[in-house]
Engineer: 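I'd like to ask you about the structure that follows.
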Amino acid sequence: MYAIVDCNSFYCSCERVFRPDLKERGIVVLSNNDGCVISRTEEAKKAGIGMAVPYYQCREQLEKAGITVFSSNYYLYGDMSRRVMDTLRVIANDSNEDRVEVYSVDEAFIELSHIPPENLNDYAIHLKNTVEQWTGVRVSVGVGPSRVLSKMANRLAKKRPGITNGVLVLQSDQQIREALEETEVSDIWGIGYRYAVKLRDEFGIRSAWQLKHIPLEWARKNLGGVVGVRLIKELCGETMREKKDPLEKKKMIATTRMFGAPVYTLEPLREAIATYTARAAEKLRRQYSAASSLDVFVVTNGSKGKPYQYQPGTDHRYFNLPRPSSVTHELIAHAMPLVTSLYREGVKYLKAGVILGGIVPDNSVQADLFSAEQQKNKTALMDVMDNLNFSMRGDVIRYGATGTTRHWTMRQDKRSPRYTTRWEELFEVGKGKVD
DNA sequence: TCTGGGGTCCTAGGACCC
DNA sequence: TCTGGGGTCCTAGGACCC
């Protein structure tokens, strides 16, 4: 059996922990650049604020409903996430077994073969209560024979807070059948918008219970090959995936951003790409990797008059490095000609990004006979930069190519203090009203 | 005027090899 | 120029997730 522990409205919950005055009041958190709503409390949902709605479209509505708006504060959410996961590890792990699989910033699976079936419900309640008591973040817990079924349990637990108290265990055939019948295919983990439409319109399949009974060969043909087959088996209670190794390295590293305001000239475009390349290179070094390809892309405003989602207008250029590198200035040097060749005068640029691929362990990079000494120096330089920037918690030293004026950086007008990661922004007891 | 930023896995098809 | 069978590697694109 598996449990999934999922934080309720995670970003909003994090804000609430340090703003007890907002305990019973609505909160939303905005995406980067204060673009759209990405986290909502129950009060905000009830006020009719949709997920992923652009901020400018619901601003008035939010004001009228007295809902507090925050820009996203990833320092805070990252640190709160660590606390939640640490709590789960304390409860679920023993010295020789790591049963916690962190799935995303606000979710973790826990493998439960060590818990007797009759104790599963109490155990799930214990998980929930402990996380809430230790971190202040509210969570829901779903338990089932496979990961897909535990996700289904979690969703139903959230849907019926009064009945389930945020915990639901799917154990008997009867319980599982009822859950499957009650769940629409579009609400199954692994069925996205397109498959849901296809299943409904072409085949008349609406409930998870119906989907569970389709032949595997049919799933292979119509639901993305082996992915579809695995999904059906998971619905039947079979576990189709081993725990992911937490040491596994990323196969692709991307840094992409909308600009705070549109960009029309080459210079800021180059600064932005240099900045994103530097950030991506940091991520690369943090996992002891080097990249062998570099892809630069820009997004223009596309054709006028069309709705946003139909006007991507992206253009990209990529470059294969003569040998893999994680040295910031080498990568920037390769990226700059790509930006210059992409740039066209008079075009309005909204967004840009860098994607590093062909990622290999940095110790496997072939040493160049004639430049071993230089290479050592570059590595030492990167170490110094990373250590300085990390210990000072900011870009204390940067490359000149990343710019000095930087008018293109994102907007974040309503960010809360970084309460848990900066001394000068520490939460002060007695300043606010605390229960 | 103003719509996020990451990732994963899989398949098909082309280039190339023996 | 035609003829076969069996592979690998790479890229683009589609689907999904939070």
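The structure presented is a predicted model; accordingly, all values stated were derived computationally and were not measured. Below, chain A is the first sequence line, B the second, and so on; all start at residue 1.
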Engineer: Where the side chain of A:W189 is defined as all heavy atoms beyond and including C-beta, which of C:dC16, B:dG6, C:dC18 is the nearest nucleotide?
Structural biologist: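 Nearest to the side-chain atoms of A:W189, counting from C-beta on, is C:dC18.
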Engineer: Nearest of C:dA12, B:dG6, B:dT8 to any side-chain atom of A:Y318?
Structural biologist: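 The listed nucleotide nearest to A:Y318's side chain is C:dA12.
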Engineer: What is the distance, to the nearest angstrom, from the CZ atom on A:R317 to the C1' atom on C:dT11?
Structural biologist: 17 Å
Engineer: Give a yes or no on whether the backbone of A:R206 and the side-chain of A:Q210 come within a donor-acceptor separation of less than 3.5 Å.
Structural biologist: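 Side chain of A:Q210 to backbone of A:R206, a donor-acceptor pair under 3.5 Å: yes, one is there.
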Engineer: Quick check on A:R285: does its CZ atom have over 12 non-hydrogen neighbours (other residues, nucleotides or ligands) under 6.0 Å away?
Structural biologist: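 More than 12 within 6.0 Å, yes.
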Engineer: Pairing check on B:dC16: which nucleotide meets the Watson-Crick or G-U wobble criteria with it, both distances under 3.5 Å?
Structural biologist: C:dG7
Engineer: Rounded to whole angstrom units, what separation is found between the OH atom of A:Y74 and the P atom of B:dG5?
Structural biologist: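 Nearest whole value for this atom pair: 8 Å.
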Engineer: Any side-chain N or O of A:R411 below 4.0 angstrom from OP1/OP2 of B:dC2?
Structural biologist: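 Checking B:dC2 against A:R411, no side-chain N or O comes under 4.0 Å of OP1 or OP2.
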Engineer: By the 4.0 Å heavy-atom rule, please label A:N33 as base, sugar-phosphate, or nothing.
Structural biologist: nothing
Engineer: Do we see a donor-acceptor contact under 3.5 Å between the side chains of A:T68 and A:R25?
Structural biologist: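 Short answer, no.
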Engineer: Tell me the interatomic distance from A:F297, atom CZ, to C:dT11, atom P, rounded to whole angstroms.
Structural biologist: 18 Å
Engineer: Applying a 4.0 Å non-hydrogen cut-off, can you work out what A:I253 is touching in the nucleic acid: base, sugar-phosphate, or nothing?
Structural biologist: sugar-phosphate
Engineer: Output yes when at least one side-chain N/O atom of A:K351 is less than 4.0 Å from OP1 or OP2 of B:dT3, else no.
Structural biologist: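 For B:dT3, OP1/OP2 do not have a side-chain N/O of A:K351 under 4.0 Å.
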Engineer: Which part of the nucleic acid does A:L30 contact within heavy-atom distance under 4.0 Å: base, sugar-phosphate only, or nothing?
Structural biologist: nothing
Engineer: Heavy atoms under 4.0 Å, any strand shown: does A:I188 hit a base, just sugar-phosphate, or nothing?
Structural biologist: sugar-phosphate
Engineer: So, do A:V327 and A:M382 sit near enough that their side-chain heavy atoms are less than 4.5 Å apart?
Structural biologist: yes
Engineer: Using the P atom as the reference point in each nucleotide, state the distance between C:dC18 and B:dT3 in Å, no decimals.
Structural biologist: 25 Å
Engineer: Does a side chain donor of either A:Y276 or A:E271 reach within less than 3.5 Å of an acceptor in the other side chain?
Structural biologist: no
Engineer: With A:D79, which of A:N73, A:T420, A:T421 fulfils side chain to side chain donor-acceptor pair (under 3.5 Å)?
Structural biologist: A:T420
Engineer: Could you check whether A:V226 gets within reach of a base, just the sugar-phosphate, or nothing at all, counting any heavy atom under 4.0 Å?
Structural biologist: sugar-phosphate
Engineer: DNA chain B: A:Y55 or A:E248, which has the more 5' nearest nucleotide?
Structural biologist: A:Y55
Engineer: NA contact type, A:K198, heavy-atom cut-off 4.0 Å: base, sugar-phosphate, or nothing?
Structural biologist: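 A:K198: no heavy atom of the nucleic acid under 4.0 Å.
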Engineer: With the side chain of A:Y56 defined as its heavy atoms from C-beta on, choose the nearest nucleotide among B:dG6, B:dT3, C:dC18.
Structural biologist: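 Looking only at side-chain atoms, A:Y56 lies closest to B:dT3.
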Engineer: Roughly how many Å is it from CD1 in A:I355 to P in C:dA12, rounded to a whole number?
Structural biologist: 11 Å
Engineer: Does OP1 or OP2 of B:dC10 have a side-chain N or O of A:R230 closer than 4.0 Å?
Structural biologist: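 It does, given that an N or O in the side chain of A:R230 lies less than 4.0 Å from OP1 or OP2 of B:dC10.
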Engineer: Nearest heavy atom decides the nucleotide; on that basis, is A:K249 or A:V53 closer to the 5' end of DNA chain B?
Structural biologist: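 Going by which nucleotide is closer to the 5' end, it is A:V53.
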Engineer: Over how many whole Å does the gap from A:N154 atom CG to C:dC17 atom P extend?
Structural biologist: 15 Å
Engineer: Could you tell me whether A:Y195 contacts a base, only the sugar-phosphate backbone, or nothing, with contacts defined as non-hydrogen atoms closer than 4.0 Å?
Structural biologist: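 The answer is sugar-phosphate, as A:Y195 gets under 4.0 Å only of primed atoms, P, OP1 or OP2.
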Engineer: Rounded to the Å, how far apart are A:M252 CE and C:dC17 C1'?
Structural biologist: 13 Å
Engineer: Which part of the nucleic acid, if any, lies within reach of A:T255 when heavy atoms closer than 4.0 Å are counted: base, sugar-phosphate only, or nothing?
Structural biologist: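 Sugar-phosphate: the residue A:T255, judged by heavy atoms under 4.0 Å, touches backbone atoms but no base.
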Engineer: For A:S71 and A:R411, which I'm curious about, is there any donor-acceptor pair between the side chains at under 3.5 Å?
Structural biologist: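 On atom types as modelled, these side chains do not qualify, holding no pair under 3.5 Å.
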Engineer: Figure out the CG/P separation between A:L231 and B:dC9, and round it to whole Å.
Structural biologist: 17 Å
Engineer: Using a 4.0 Å heavy-atom cut-off, does A:D106 contact any base of the nucleic acid, only the sugar-phosphate backbone, or nothing at all?
Structural biologist: sugar-phosphate
Engineer: What is the separation between atom CZ on A:F10 and atom C1' on B:dG6, rounded to the nearest whole Å?
Structural biologist: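 These atoms are roughly 16 Å apart.
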Engineer: Taking OP1 and OP2 of C:dC18, is either one under 4.0 Å from a side-chain nitrogen or oxygen of A:K151?
Structural biologist: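 For C:dC18, OP1/OP2 do have a side-chain N/O of A:K151 under 4.0 Å.
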Engineer: Measure from the side-chain heavy atoms of A:K251 and tell me the nearest of C:dC17, B:dC9, B:dG4.
Structural biologist: B:dC9
Engineer: Within the structure, does a side-chain N or O atom of A:K250 lie under 4.0 Å from either OP1 or OP2 of B:dT8?
Structural biologist: no
Engineer: Return the nearest nucleotide to the side chain of A:R194; candidates are B:dG6, C:dC16, B:dG4.
Structural biologist: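 Of the candidates, C:dC16 comes closest.
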